[in-house]
Amino acid sequence: MKTTETRVKQNPRPSDELPYRPDQVEAKWQARWAERHTNEPDLDRAARPFYNLMMFPYPSAEGLHVGNMFAFTGADTYGRFKRLQGFDVFEPIGFDAFGIHSENYAIKVGINPAELIPRNIENFRRQLRRIGGMFDWRHELSTTDPKYYKWTQWIFLQLLKAGKAYKKAAAVNWCPKDKTVLANEQVINGRCERCDSLVEQRFLSQWFFRITDYADRLLADLDDKSKMDWSESTVLAQRNWLGRSEGAELVFSGAAGQEGRGAANVTLTLSAAKGKGPKPRETGIRVFTTRPDTIFGATFMVLAPENPLVDAFTTDDRRAEVDAYRKMVAAKDLVSRKVGEREKTGVFTGGFVTNPATGQSIPVWIADYVLMEYGTGAIMAVPGHDQRDFEFARRYRLPIVRVVAPRSPDESSRAGRGIADPDVPLEEAYTENEQGVLVHSGQFDGLTVPEAKRAVTAWLAERGAGKATINYRLHDWTISRQRYWGPPIPIIYCDEHGAVPVPEKDLPVELPIIEDFRPDDSGISPLARHESWYHVPCPVCGKQGRRETDVSDTFLDSAWYHLRYPSTEFDDRPFDPARTRKWLPVDSYIGGNEHAVLHLLYARFVTMVLHDLGHLHFDEPYRKFRAHGTIVKDGAKMSKSRGNVVIPDEYIAQWGADTFRMYLMFLGPFQEGGDFRDEGISGPRRFLEKVWALVGDAIRTSHDKIPHNVLVKYHQTVKRVTEGMEQLHYNTSIAALMEFVNTLREEACTSPAMVEGLVLMLAPFAPHFTSESWERLGHDTSIFEARWPEWDEALVVEDQVEVVIQVSGKTRGRVSVPRGAEQGAVLAAAQEDAAVRRFTEGKEVRKVVYVPNRLLNLVVG
RNA sequence: GCCCGGGUGGCGAAAUCGGUAGACGCAAGGGACUUAAAAUCCCUUGGGGGCAACCCCGUGCGGGUUCGAGUCCCGCCCCGGGCACCA
């Protein structure tokens with residue numbers, strides 16, 4: 001049994017012990033890695049390729065902050081771990097330098113972003129080198145490089161060719177300050193994500209990508225573990241964003257201005273506003289509902305104010321009021337309309353439709369709580385069972401009918417299907433799904449809600465009034481930006497030939513350097529002011545045409561950068577087929593969960609389209625994705641406005657990159673992030689000093705004696721660290737290494753074998769320090785050419801184990817017994833224990849619970 | 001409102017197929033060395049009681065299951081993030 005006696009032996013350091021000088025060590029190794037191309041795998045001949053990707057930064061003027069460093073260090077640590085496991089790790093880096101961030105900053109300081117960005121990038125390079133990232137700088141890329149965005153434009157053309165890009169006039173979110181269209185996802189609570197101003201609604205002609213065509217695949221793959229091993233939180237965020245709803249599309253036939261019964265149906269033509277192409281002659285109003293079972297309670301219809309059907313249903317006497325309401329709604333932005341629990345407003349159109357279930361004529365209203373972008377832009381209102389419809393019905397005194405009632409708690413009613421209070425007036429909508437039973441619904445009375453959903457849908461389908469369908473919350477992706485700083489969308493407009501794609505041979509459509517790159521509120525990109533750029537011949541007929549002046553969304557740049565990295569040296573193709581086959585899909589991708597939806601969804605979509613077009617052999621880009629946590633300062637996200645941004649440079653200068661890296665990784669769980677408090681940084685530094693001294697001891701030692709308990713601790717450490725690395729539990733891996741160092745010191749063990757193992761396991765965290773240590777230990781090849789240590793399971797377990805003795809569940813003592821001891825032996829030992837005796841004396845032991853090698857619980861009466 | 005995380009010492013955190021709560025680190029206190037300081041090394045450090053051996057309490061709150069709960073179940077509270085009139 002281990003004694004508690006102190007066995008620390010002082011190891012007086014020789015006075016000539018080399019001090020640990022991080023500044024010198026780090027400069028030395030960074031230079032050497034560059035000279036020896038240590039971080040540049042042979043992309044064509046690598047035997048075990050491993051593509052280690054991290055989200056590339058936007059090169060801000062401020063440089064990398066601590067949060068970026070945390071993310072990159074965590075990803076780099078993983079890459080280095082994989083390298084030590086024998087993989088040929090490709091770890092590229094680049095810059096996401098287009099976009100509104102850069103442009104806004106450029107406007108602020110009055111310098112063209114084309115001039116500004118290279119400076120920022122230079123600063124980023126310096127910082128990324130300084131932190132010791134294992135980057136393959138041969139393959140650096142910037143999205144603003146014409147050699148890069150040539151292919152971004154090419155991708156646009158591929159989507160166009162595949163019918164996945166289209167143009168339509170649409171209500172868009174307009175930021176009056178940034179003077180640009182915003183994607184819905186860039187609008188936060190009715191305000192611009194970037195400048196916080198209130199967003200308005202405008203109608204502009206926009207390019208869209210048909211991501212909705214892929215909604216089902218994007219959703220299905222999330223469950224396919226063979227394609228996607230992703231952080232659960234990210235998968236959930238995507239699933240919610242896609243927003244699949246099962247339900248039915250139902251048709252309510254009707255006629256404008258006429259009382260429904262017997263009136264001839266008007267034939268209406270839906271415009272292509274939904275982007276699904278022209279709909280031939282549609283009759284009545286189509287709605288999407290998840291509750292077809294409640295159709296008997298549909299007492300009115302509501303159209304979105306923008307719905308093109310509104311005109312047809314509006315009667316002359318109601319037209320003035322309807323038009324006024326529509327105008328009022330259009331003045332509001334798209335988003336604030338959806339915010340909060342606003343009082344519902346609307347107007348009656350004068351029109352009626354027939355409820356296909358009841359045959360009753362019901363009025364058609366318009367209201368802004370119905371959104372044009374979702375479903376069909378129209379709903380059947382069931383005030384009894386939808387809270388929004390309920391509020392609307394109350395306000396406008398429309399009939400509220402109950403068609404679902406709770407099951408009776410009185411089980412004596414037949415088959416448990418008795419119904420509680422079917423005729424008590426509703427005080428709020430009854431929305432309970434599973435527990436409900438149909439009432440006032442003809443032949444469907446008595447069915448449960450799930451049963452009725454199926455039965456009613458089938459019944460309506462038979463009568464040609466509907467069909468089961470699935471709807472998604474996801475909208476098509478607006479990629480147009482009326483801005484300067486982005487890749488021009490490669491389209492030329494010709495009076496005769498319309499929108500003509502720029503021929504691939506003419507790519508890239510270079511972004512001209514213009515003096516006044518500020519947007520104005522014309523809604524047209526500043527590029528339109530550049531005459532010689534703007535006017536070009538039509539590629540089809542050669543007559544004068546005009547360039548598309550919109551640039552594409554920066555999310556398009558980042559949707560494919562991982563495809564470009566391995567192939568940056570090829571100017572004649574976006575991604576080389578052989579390279580792509582060897583390196584993609586990405587093996588590990590690490591990034592922030594703020595990109596859980598947009599970037600990661602768009603990248604998946606672009607990959608799917610390119611796959612379907614035959615350009616890629618895979619259709620999911622990132623095999624493994626892990627979301628890292630956020631570094632906060634004083635409990636708040638770091639931001640310039642809060643003034644709590646921590647710049648890492650001074651910490652690195654003072655403590656060294658390795659100490660800083662270790663501090664960040666030790667701070668807390670990598671996937672959770674944490675609060676940056678620099679008090680703790682001396683801990684990792686002291687730890688490195690101790691290891692430095694141990695390396696010195698190992699060099700001087702002439703024998704390699706390893707006490708058994710040290711050997712056991714070593715194998716336990718290898719196991720714990722290895723398992724921690726794979727799960728990105730860096731903080732506990734470091735803790736395990738610290739424990740091992742404590743053991744070596746307590747046991748005065750200077751075994752070179754033990755110290756080498758330690759140094760190897762430390763290498764992913766402290767690459768410079770361990771490179772130097774490895775050299776001091778007598779190796780003339782890089783530590784990253786060496787192999788990660790393995791553990792012997794037989795040596796992980798100890799021969800003697802401590803078994804806890806409990807009396808009635810309370811710990812009263814512990815005994816040391818050989819591993820695998822029988823209950824009887826442990827019991828005998830336990831009864832020797834004074835404390836155990838005291839608590840069991842004179843009492844009957846009713847029961848004994850024995851967990852081998854763990855505990856023995858004596859339950860007394 | 002809905003969906004995710006998360007609440008454990010003075011602080012960052014460990015431990016979740018239920019089995020010694022607080023590993024590892026920071027900070028703090030005491031000591032050694034030193035003319036002194038720094039550095040380094042040693043000891044103490046969840047709260048309470050006791051001279052001590054030891055004892056009681058303790059993982060956001062209230063219940064429950066169990067020989068045994070930080071961990072599982074039910075009902076809440078608080079913090080962080082995301083979504084939000086999605087039919």
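The sequence lines fix the lettering, A, B, ..., with proteins before strands; numbering per chain opens at 1.
Note on F839(A): only backbone sugar-phosphate atoms sit closer than 4.0 angstrom, heavy atoms only; bases stay farther off. Note on S682(A): only backbone sugar-phosphate atoms sit closer than 4.0 angstrom, heavy atoms only; bases stay farther off. No contact: P684(A) has no heavy atom under 4.0 Å from any strand. If you check every strand for non-hydrogen atoms under 4.0 Å, N742(A) touches sugar and phosphate atoms only. Using a 4.0 Å heavy-atom cutoff across all strands shown, R812(A) reaches sugar-phosphate atoms only and no base atom. Looking at heavy-atom distances under 4.0 Å, L855(A) makes contact with a base. Nucleic acid contact class of V859(A) (heavy atoms, under 4.0 Å, all strands): sugar-phosphate only. When heavy atoms are screened at a 4.0 angstrom cut-off, E679(A) is found touching the sugar-phosphate backbone but no base atom. Among the atoms of the strands shown, only primed sugar atoms or phosphate atoms (P, OP1, OP2) are found under 4.0 Å from some heavy atom of N240(A). Using a 4.0 Å heavy-atom criterion, one finds that R838(A) contacts the sugar-phosphate atoms exclusively. Residue-level contact check: R846(A) touches neither bases nor backbone, having no heavy atom under 4.0 Å from any strand.
Put simply, CZ on F740(A) is 17 Å from C1' on rA23(B), counting in whole angstrom units. Computed from coordinates, the Q716(A) CD to rA15(B) P distance equals 16 Å when rounded to whole Å. The distance between atom CD of E594(A) and atom C1' of rC83(B), rounded to the nearest whole Å, is 16 Å. One atom, CH2 of W241(A), and another, P of rC83(B), lie 6 Å apart when rounded to the nearest Å. In this structure, CZ of R286(A) is placed 15 Å from C1' of rA87(B), rounded to the nearest angstrom. In this structure, Y374(A) places its OH atom 4 Å from P of rA87(B), rounding to the nearest Å. Note: CG (L601(A)) to C1' (rG82(B)) measures 15 Å, nearest angstrom. With rounding to whole Å, F670(A) atom CZ is found 17 Å from rA13(B) atom C1'.
Each of rG25(B), rA87(B), rA13(B) was ranked by its minimum atom distance to the side chain of P669(A); first place goes to rA13(B). Checking rC67(B), rC41(B), rC24(B) against every side-chain atom of F666(A), the shortest atom distance belongs to rC24(B). Nearest nucleotide to the R677(A) side chain, out of rA13(B), rG12(B), rC41(B): rG12(B). The side chain of M738(A) has rC24(B) as its nearest neighbour among rC41(B), rC24(B), rC4(B). Ranking rC4(B), rU20(B), rA84(B) by closeness to the R473(A) side chain, first place goes to rA84(B).
Ring-plane geometry between Y20(A) and F769(A) is classed as perpendicular, the angle between the planes exceeding 60 degrees on a 0 to 90 degree scale with a lower cut at 30. Classified by interplanar angle (parallel below 30°, tilted 30° to 60°, perpendicular above 60°), the ring pair F670(A)/Y730(A) is tilted.
Under 4.0 angstrom from either OP1 or OP2 of rA13(B) there lies no side-chain N or O belonging to T732(A). For the OP1/OP2 pair of rA39(B) and a distance below 4.0 Å, the side-chain nitrogens and oxygens of R686(A) include no atom meeting the criterion. Listed pair K810(A) / rG58(B) fails the phosphate criterion, with no side-chain N or O lying under 4.0 Å from OP1 or OP2.
Across the interface with RNA chain B, nearest-nucleotide mapping of L474(A) and N731(A) shows N731(A) to be the residue nearer the 5′ end. Residue-to-nucleotide proximity on RNA chain B shows that, of R854(A) and A736(A), the 5′-proximal contact is made by R854(A).
With both pairing distances under 3.5 Å, rA15(B) is matched to nothing as a Watson-Crick or G-U wobble pair. Pair check for rG1(B) finds rC83(B); Watson-Crick or G-U wobble, both atom distances under 3.5 Å. Within the shown strands, rG10(B) is the pairing partner of rC26(B) under the Watson-Crick or G-U definition, both distances less than 3.5 Å. Nucleotide rU40(B) is matched to rA32(B) when pairs are restricted to Watson-Crick or G-U wobble geometry with both distances under 3.5 angstrom. The base-pairing partner of rG75(B), taking Watson-Crick or G-U wobble contacts with both distances under 3.5 Å, is rC61(B).
Applying the salt bridge (charged side-chain N to carboxylate O under 4.0 Å, His left out) test to pairs two or more places apart or on separate chains, none has a residue in residues 727-738 of chain A.
R837(A) meets the side chain to side chain donor-acceptor pair (under 3.5 Å) test with no other residue; sequence neighbours excluded.
Checked against a 6.0 Å centroid threshold, the rings of Y663(A) and Y651(A) do not count as neighbours. Between F392(A) and F300(A), a ring centre-to-centre spacing shorter than 6.0 Å is recorded.
A donor-acceptor contact under 3.5 Å links the side chain of Q806(A) to the base of rG19(B).
Between R395(A) and E391(A) there is no salt bridge, since no side-chain N of the basic residue sits under 4.0 Å from a carboxylate O of the acidic one.
Across all non-hydrogen atoms, the minimal contact from H715(A) to V796(A) is O-CG2, 3.7 Å.
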